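Take a look at the structure set out below.
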Amino acid sequence: MTNSVADIGEASCILAIGTNTTQAHPVLALNVKRAAAKGAKLIVANPKEIVLCEHADIFLQHKPGTDVALLMGMMKVIVDENLQNDSFINERTENFEEFKESLKKFTLDYVEEITGVPGENAAEAARMYAAAGTASILYAMGITQHTHGTDNVLAIANLAMLTGNIGKPGTGVNPLRGQNNVQGACDMGGLPNVYPGYQRVDNPDAKAKFEKAWGVKLDDKIGLTHTVVFDKALEGEIKALYMVGENPVLSEADAGHTRKAMEKMDFIVVQDIFLTESAKFADVVLPGASFAEKDGTVTNTERRVQRTYKAIEPVGDAKPDWWITSQLAKRMGGKGFDYNSPEDIFEELSSLTPSYGGISYERIKEQGLQWPCPDSGHPGTPILHSEKFPSASGKGKFVPLEYRESDELPDDEYPLILTTDRSLFHYHTSTMTRKVEGLNRLNSEELLNINPADAEKYGISDGDMVQAVSRRGEVNVKAKVTDICPPGVVSMTFHFAESPTNELTNAAIDPVAKIPETKVCAIKVQKVG
Amino acid sequence: MEKVKLTIDGLEISADKDKTILQAALENDIYIPHLCYHPDLEKVAVCRVCMVDVAGRGLTISCRAPVEEGLVVKTDSEELKKVRKVPVQLLFANHKTDCITCGKNDDCELQRIAKYLGLEADELNRLRFAEMDDPIDDSNPFFDRDPNKCVYCGICIRTCSELQNINAIDFSNRGYSTRVSTFGGGPIVESRCESCGECVVRCPVGALLPKTTEQPAREVKSVCTYCGVGCGILLGVRGHKIVSVRGDGENIVNRGSLCVKGRYGFGFINSPERLTKPLIRKNGELVEAEWDEALDFAAEKLKSCKSDEVAVFASAKCTNEDNYVIQKFSRAVLGTNSVDHCARL
Amino acid sequence: MKTKFEDIMVKSEKEWESMQCGEKPVILVGTATCGRSAGSLETLEALRSEADKSGIDCTIIEVGCIGLCYAEPLVTIAKPGNPAVCYGGIDAEKAKELVEKYIIGNDPVPEYALGTIGQGKIADIEKIQDTSVFKPQIRRVLKKCGSIDPANVEHYIANGGYSGLKRALEMTSEEIIDNIKISGLRGRGGAGFPTWRKWQFCHDAEGDQKYLICNADEGDPGAFMNRSLLEGDPHALLEGMVIAGRAIGADTGYIYCRAEYPLALERLDLAIKQAKDLGFLGDNIMETGFTFHIKVKEGAGAFVCGEETALIASIEGERGMPRPRPPFPAVSGLWGKPTIINNVETLASVALVMQQGAQWFSQVGSEASKGTKTFALVGKVKRTGLVEVPMGITLREMIYDIGGGILNDREFKAVQTGGPSGGCIPAEKLDTPVDYDSLNAAGTIMGSGGMVVMDADNCMVDVARYFLEFTQKESCGECVPCRLGTKQMLDILNDITQGRGKPDDIDLLEEIGYAVKRTSLCGLGQTAPNPVLSTLRYFRNEYEAHINKKECPSLVCRDLISYKIDTDKCTGCRLCFKACPADAIIGEKKEPHIVDQEKCIKCGMCFEKCPPKFNAVVCIPGQLKDGE
C-alpha cells in the first residue's frame, strides 16, 4: 500500500476494485465501512455483488477480466470533462500526452460493450472519484491474477496520477496483500530477481554488495518464478525443490500440472507445520515452528514491520524455520549461518536492506515501523511518493494501455467464466483453518456460486452436487444458486482439498509479473448423477 | 485539546473539553456505576445507573453530560441512593444469577455495581423475580448467547452496527418482551453474523460468552498469522498451550479489532495433526527420523544438484528473518536465484 | 387589484352560500369513523336511495363528527327557510322515515331531534346551543367538524380557512411567534409547554434545514380528538402547519399519523392535493416565494412513537425508540436538524389564532391556560362524546352538565385524565378547574384530552393495573427503569388484585414508582407510574383492603370477591345449580342451596341466573371459606 490502513478513514472517496475486502481483509474492511458510514463515497467494482456493495454508493459489476477497459473508460470521462489534476500531471508525471492518446478508443459505448457496465454508471463513478478531494484505491487479487494483471495495475496507477490522488493522506494505490508476511517475504528477497530491499540481482553493484556481505560469489542471472519452476520441472530441468510453508498442489493454477511436476522431481524437501497435500510429495519433511512458537518480525500490507514474540515452545521436535534452514546451509558448507537468534538475523538483514536500515528490535518493541525507514532516527513512512516517484526522473510515468482479452474465454463447450474467491472463514489452502473445528462448522465445504438463470439453464438446484469441468480438469462441488454472481459467471474459493478448484484454473501467466490467470477461465457445469 | 476544571466529590480534576462527566471521572479513577457506556460506542444512556448529582441541575446522566468549567458533581447523595438502586435491583430480579459458574464471574459489571451500591438480600427479596428460562442460543461454534443474563444495554447491537457495520442483531419486540435478536429471530449462526466476536468482547455481563472461558496464565504480544493486514494480537498462554486470543488495543493497525479467524482460529497451533518430528521417505513411506539424520540427508541430496537444477520456495507465512535466511541459503549456498514464494496466489 | 386568494375566497363563499341558502334541502350525514362504526354508511345509503326513489332534489353531504358519540349515527337536515335540525340515532329505517316525513312532508319529527342549529325556531325542538351538552362548550377548533364537507376545500375557505395563512405570510417569523406568544397558546399534546417558546428555540437554532412535525399519533386508550379533527376538518391542520413552518423557518413538514386511521389519512391526502392545487402548499405559496411541503408518514401504532424523539426515529426509518435529551429536537431533531413537533390540536389552534387574532384566542380560558381544549369524554357518563370546553371549566361541569352525570345515576368515584401518563382525581376534587396547572397540582396531567369517568363499580387498583399493563406493553424496552420497573409494578399489582399482595407492597410500589419517574429516559417511563401513584394517593384504602383483608370493595377483582346464597331467600329453584359451570352449587330441589367456595370460580353465572324476585345470590367483597 502506498498509504496506511488507518489512512483509509481520511479518504472522501474509496474505489474498491478486485477486492472482496470484507471476506479477505475483514479488519481493514472495517475502515472502509466506517468511512462509508461517515459519508465517504464508496465505489465498488467487482464481477460479483460482494458484501461490500451494501455500503457502496456505486456498484460497477464488470465482467471478469475487463478492468482495463473499465478504468480507461473512467479516465476518458475525467479527461473529456476536464476533471483531471493538471498541476499534479505537470509537476509530478510524464508521458501524459501519449497516454491521453490511448484513451480515445474507450468511449462509454465501447466500455459498456466490453465490461457490461452501463456507460453512465462508469461515468458517474469517474466523476465521483475525480471530484473527491482525497480518493483512495484499494485492490487485491481480482486485479492482479490476470494475464494482463500488470496492465490492470498500471491502469489504477494512471487513474491515481490523473487526479493527483497519490502521495497525500486519504489517497493512494493500495494493494491489499493476502498473506500475513507476503510483503516481508518480498522485501526479504524471496523473489527470483531481487535481493532484500528490491536490489536487483542483475545490478552489479548490488551483487557486489551481497557478495561482500555473504562472502561468496553470486549469480547475476534472474531466477525462475514459482509458476515457471513447475514447467521446468516437467521439462526435467528442475530436479530438486526446497519448499517452506507452501501448498502449491492446492494453490497453483492448473493444479494437475503442478502435481505432475512434483511427481517428476527427483528430490523435494518440505518444511511446514502440517503434512499438507503438497508435503505428501516430499522426500524429507522438516517440522517448522508455528508463529506462536518463535520470535521474529512480519511486515504487513501497509509496509509496517511488526514484532512477534514467542509464546510457547515449539510442539514436539519442531524448530523455527530460520534454525532449520541455517542447519541445512551449514551442513552444506554455507558460511555466515551461525545465528543465535532472530535478532542476529534482523541486524544483518537491516544492514543490507536500505528501507529497513533504521529498524531494530528495540525500536519496534511496542509499535511497528513502516518502511522506508533508512536510519535509526527516521520515523518510518506512512505515505509513499509524497515528493517523488522511485523512477530515474523522479516522475510518475503514464503508461498508454490497450484492452486485452483474458487468455481463455467462454465458448460453446465451456460456456461459463469461473472466477476464484475467498471465504471469511478459511484461509488460502486451509492448512490452518481446516484444523479449527469451529471454522469448519461455519464453512464446511466448497460451494460453486451460480446465478439462478444459469442454474435453471443447466438444470441445477440449490444444494445439488455438480461437476465443474475445464480443459484442464474436473471437480465435484455443491452448487449454491445465488444472484451474487451475474449470469455467465460462477465462483468458487480454493479452500477445500475435497473440491480442489485449481484443478480447473488456467495457468496462463502475465508476461511481466508471472501471475497466473486464476480469476478467469472457461468451464462447464453439469449435475452429478 | 482544551481542558476544563471540575469538581467531583470535592476533588478538583481536569478533563478534556470533549469528555463527559463519566469519562472524566473514570479517567481519574473515580468509579461511577455504569452498564451501557462503552468508550468505543455512542452513548445511549439507557441503563440509567450512571446518574450523578450536579449542583444546580440535580440528577444528571453522567455518560452523556459534557464536562464544563466549574461543574460541581457528587457521585453519591441520599436522592441518588434512593433512585439508583431500583434499576439495579430490578436487573437482579431479572437476571440468572448463577454467578459462581458463570464465565463472567468476577469480571461482571453487574456484580461490580451491586457491590458498589451494596444491594441487600432483604431488599431484593421483596421483588417479584422473573423466571429465567429463555433458551440459550449455542448455535455459534465460538460463543453462546444467554438471554437470561442479558441486561439490554445494547452494547452488542451498537458494536455490530457502529463498529462492524454488519447489523446482524437488533432489539426485537417491545417493553418487557424486548430481546436482542437476529433478523427473523433465528439462531445467530444462521444470521448474517460474521462471528468476529467483537460483541462478545464488549458484553458487560455473561450474556455473551466464548464457548471456552479458560483463562490464560499470561499473554504474549504477536501479530495475527492470517491475512496481510497485520492485526496486533495477544496470545493467551496456559501451560504449553495457546488458549485464547485478544485483539491488541494498543496496536495502531487494528486497535483491538479482530475477525473470526484472528480471534478464534488459533486451534491449529496445538492441533494433534501438527508435525512434531522430521520425516524421511523410506520405501515409499514417510517415516519419523531424528533431526541430524533428516538434515544430513537433505543436505546431501541438495548438494548433489547443480545450481540450475534446484529451486527454493520461501514462505509468506514465515517471518522476515526466516525468509532472509531462506533466500540467502538459496543464493549463497545453492547458488541459484530461483527463489520465489506464493506472492502471486 | 384583487389577489388570487381573494378570488378563491369569493368563489368559495358563493359555493357555500348557494348550499346554505339554496332552494334544495341539505342533508348532512356524520360519516367519520365514529359514525361509521355506528352504521352511518347504511344511513347514508338509505337517505340516498330514498331521495332517489321519491325524486326529491336534495344535497346530501358527508361531514365529520360533531362529537355526540352517544347519539350516532347523526343526521342534520336543513330545509330552505328553516334552521337545520340535528337528529341522533338515525339508522336506515329512521332515515327513510325522515325523508318521508320531513324532506317530503313537513313533520320535523321532534322525537328524533337533538336540537336546531342556526337562526329560527322549530316547535318542540330546542336550540342545540341551549342543550346541556352544548351550553358549557365553546367550539372553536371543532367548530367546522360536522358542518362542512371535509372533502371540499371551499367549505373550509368560506368559513375563514386559509385567511390565517394569508395573514401570516404578510408577517415576519418574529411577528408570527409574537402573535402566538400573545395568544397564550400552550401545547395541546400533554405537557402544555408554551408553543411560542418552543418555536423560538427552533427559530433561533442554527441550520439551513429545519423541520416541522405534526404528531398525529394519538395513542392514549380511549382518545380520539385528533382523529375527529383530521377526519372532519383536515385543512385546519395544514393551514396551521404552513404557518408554523413559516414561523420556525422550515420548508418541510411531516404528519406522523397512525396507520389505524385510514379515513384520516385519506382525508389528509386529498386535502394536501387540494391545498397544493390552490397554491396554499408547495413552492411559492400564495406567490410570496415561501415554500413548504408536507409529507404524511404512517406510523405503526406504537404508543411510544407519540414521544417526540421516538417519533423522529420512526420517521427516519429507525425502530421507534426515544433518544436521550439533550440535544432537544428544537436544536437537533429529525436527521439531526432543528425540528419542532406539535400536536394536531395545537396546529389547528395556530390557524385560528392567525385567522381570528391572538386577542380573540385568549379571550377564553384561565389565566395561565388560554383558549379551549378538546376532550374525549368517555366512561361511565350518560353522554359520551367529543367536547370542546374553555380552559378553567370544572371537572364537575364537564361530567355532570356536558356528560349528563353518571350512568344509571350511580355514585361518581374518579375521573382519569392524561391517559396512561395521567392520574385519577377523586370526588372531593371535582371542582378542580380544567387547566394545565390545576390538574398537575391534583396529581394528574391535562394530556392530549382523554377523560375517563369512573363510578363505584370501578376498582381503582384494577384501573392502575390496567394502565400499567398498557404502558408495560408499550414501553419500548430501551431503558432499564421503564422496561423492568413497569413490569415489576405490574407484577405487584397483579399479585394484589389476585390476593397475593403483601403489606410491604404499597411501600414497594411507591419506591419503584418514584425511581421509575426520576430515572426513566423518556416521557413514557417518567409518567408511567402516575396512575399507580395517584390512586395510591387518593384510594389507598382500596389497596389496603386488597392486601390486608383480601377484599375488592368494588367487586371487580375476581379472586377477592365471593358469591354466596342467602338461605332465607333461596327457594331451591335450581336455576343457579343448572347454570354453574363448576358444579359449585350444592343443594336439593326446593331446599336452600349453598356455594361450595372451594369449587367456585367466581364467574357470576349464579348471580345472573337468580331471578330478581328471589335475589338470593349475593356478591360480597372478600374470600369466603367454606362454611362462612
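Letters A, B, ... are given to chains in the order of the sequence lines, protein chains preceding strands, and every chain is numbered from 1. Model, not experiment: these values are computed from the prediction.
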Side chain, backbone, both or neither: which part of [X] has a heavy atom under 4.5 Å from chain A?
X      : value
B:C224 : backbone
B:R218 : side chain
B:Y264 : backbone
B:L235 : side chain
B:K211 : neither
B:I326 : both
B:L258 : backbone
B:T336 : neither
B:S161 : neither
B:E219 : neither
B:D292 : both
B:V220 : side chain

Looking just at side-chain N and O atoms, do [X] and [Y] make a donor-acceptor pair shorter than 3.5 Å?
X      : Y      : answer
B:N165 : A:E54  : no
B:N320 : A:T299 : yes
A:T225 : B:D340 : no

[Y] side chain reached by [X] side chain, heavy atoms, under 4.5 Å:
X      : Y      : answer
B:N337 : A:N193 : no
B:V253 : A:Q306 : yes
A:V436 : B:F142 : yes
B:H341 : A:L191 : yes
B:V333 : A:F337 : yes
B:Y226 : A:T433 : yes
A:N180 : B:K317 : yes

Structural part of [X] lying under 4.5 Å from a heavy atom of chain B:
X      : result
A:R441 : side chain
A:H426 : backbone
A:L352 : side chain
A:T518 : neither
A:L275 : both

**Prompt:** What heavy-atom pair brings B:L286 and A:A282 nearest, and what distance separates the two atoms?
**Reply:**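 Smallest interatomic distance, heavy atoms only, reads CD2-O, 3.6 Å.
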Minimum heavy-atom separation for B:N251 and A:Q367, please, with both atom names.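 Distance-wise, the nearest heavy atoms are CA-OE1, 3.5 Å.
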Problem - side-chain contact (heavy atoms from CB on, under 4.5 Å) evaluation trace for B:I166 with A:K33 - result: CA-CA 9 Å; B:I166 293 168; A:K33 293 191 282 185; 3.7 Å; yes
(Q) Evaluate A:E348 against B:K328 for salt bridge (Lys or Arg N to Asp or Glu O under 4.0 Å), listing each step before the verdict. (A) CA-CA 11 Å; A:E348 179 180 321; B:K328 182 179 174 184; 2.8 Å; yes
Looking at [options], which makes the most heavy-atom pairs under 4.5 Å with chain A?
options                        : answer
B:A332, B:S271, B:G335, B:C342 : B:C342
B:S195, B:C318, B:G247         : B:C318
B:V223, B:V237, B:V189         : B:V223
B:I280, B:V260, B:I233         : B:V260
B:S338, B:A298, B:G267, B:S304 : B:S338
B:R192, B:K306, B:K282, B:K241 : B:R192

Side chain of [X], backbone of [Y]: donor and acceptor closer than 3.5 Å?
X      : Y      : answer
B:Q164 : A:L30  : no
A:D317 : B:K277 : no
B:K261 : A:L424 : yes
B:S315 : A:G245 : yes

[X] bridged to [Y] by N-O distance under 4.0 Å:
X      : Y      : answer
B:D296 : A:R331 : yes
A:E293 : B:R274 : yes
A:R34  : B:E162 : no

Quiz prompt | Approximate separation, where rounding is to 0.5 Å, of B:L279 CG and A:K280 NZ | solution =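 Rounded to the nearest 0.5 Å, the CG-NZ separation comes to 12.0 Å.
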Less than 6.0 Å separating the ring centroids of B:F297 and A:F267?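 Yes.
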Quiz prompt | is_close_aromatic(A:F346, B:Y324), centroid dist under 6.0 Å | solution =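 Here the rings of B:Y324 and A:F346 have centres that are no less than 6.0 Å from each other.
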- Query: Picking from A:T301, A:V5, A:V182, A:T144, which has the most non-hydrogen pairs under 4.5 angstrom with chain B?
  - Reply: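 Ranked by heavy-atom pairs under 4.5 Å with chain B, first place is A:V182.
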